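A quick note: this is a predicted structure, and the numbers were derived from the prediction, not measured. As a basis for the values below, the full set of heavy atoms in this structure was taken, side chains included, without hydrogen atoms, waters or symmetry mates.
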Amino acid sequence: MDNRITIKFEVDITDVITQIIQLLNNVEKNKEEQKPLSLLDAYTIDEAAKVLGVSRSYMYELAKHKDFPSLKVHGKKIIIPKKGLEEWMQKKFEEEKGSSKVVAMGGRR
């Protein structure tokens with residue numbers, strides 16, 4: 001007595017390949033999202049000042065504000081996460097979009 005069952009079905013190979021590619025893309029996307037923050041993903045005060053086009057001293061003033069994305073490492077060195085700076089800049093652009101004035105944050109003018 002033979003207990004084997006044979007099932008035949010037709011599949012479009014391009015659909016299978018497309019699904020495999022989508023799964024692989026999702027795996028890569030998940031890896032990127034789980035990637036830990038490293039110092040390579042952050043600016044120093046000097047680097048952030050160059051990105052924003054401001055002085056080093058003004059960058060220190062910005063870093064003191066609660067809504068600015070800066071971190072102190074070992075209680076001394078200040079770093080600014082690249083993603084945090086991008087989000088902060090986007091927020092500031094959106095806030096100033098409808099306004100004709102530019103508001104400085106800290107420092108004497």
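In this structure, D41 does not pair ionically with K83, as no charged nitrogen and carboxylate oxygen lie closer than 4.0 Å. The pair E47-K50 does not meet the salt-bridge criterion, since no charged nitrogen lies less than 4.0 angstrom from a carboxylate oxygen.
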Carefully, step by step, assess Y43 and I78 under the rule side-chain contact (heavy atoms from CB on, under 4.5 Å). CA-CA 9 Å; Y43 295 115; I78 297 173; over 6 Å; no
So Q19 and T14, side-chain contact (heavy atoms from CB on, under 4.5 Å) or not? Walk me through it. CA-CA 9 Å; Q19 289 178 357; T14 55; over 6 Å; no
Pair E94, K91 - check salt bridge (charged side-chain N to carboxylate O under 4.0 Å, His left out), show working. CA-CA 5 Å; E94 289 172 5; K91 179 182 162 192; over 6 Å; no
Given T44 and K77, is the side-chain contact (heavy atoms from CB on, under 4.5 Å) satisfied, shown in steps? CA-CA 8 Å; T44 63; K77 182 176 180 158; 4.3 Å; yes
side-chain contact (heavy atoms from CB on, under 4.5 Å) evaluation trace for H65 with W88: CA-CA 12 Å; H65 288 273; W88 180 84; over 6 Å; no
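Within the 4.5 Å cutoff, no side-chain heavy atoms of M59 are placed close to those of R56. Residues L85 and F68 are in side-chain contact: their nearest non-hydrogen atoms beyond the backbone lie under 4.5 Å apart. Side chains of L62 and I80 form no contact here, defined as non-hydrogen atoms less than 4.5 Å apart.
Under the 4.5 Å side-chain heavy-atom criterion for Ile, Leu, Val, Met, Phe, Trp and Tyr, L23 and I17 are members of distinct hydrophobic clusters.
Nearest heavy-atom pair, P69 versus P81, reported as atom, atom and distance to 0.1 Å: O-CD, 3.2 Å. The shortest heavy-atom contact between S55 and A49 is O-CB, 3.9 Å.
Atom CD of residue E95 and atom CD of residue Q90 lie 11.0 Å apart, to the nearest 0.5 angstrom.
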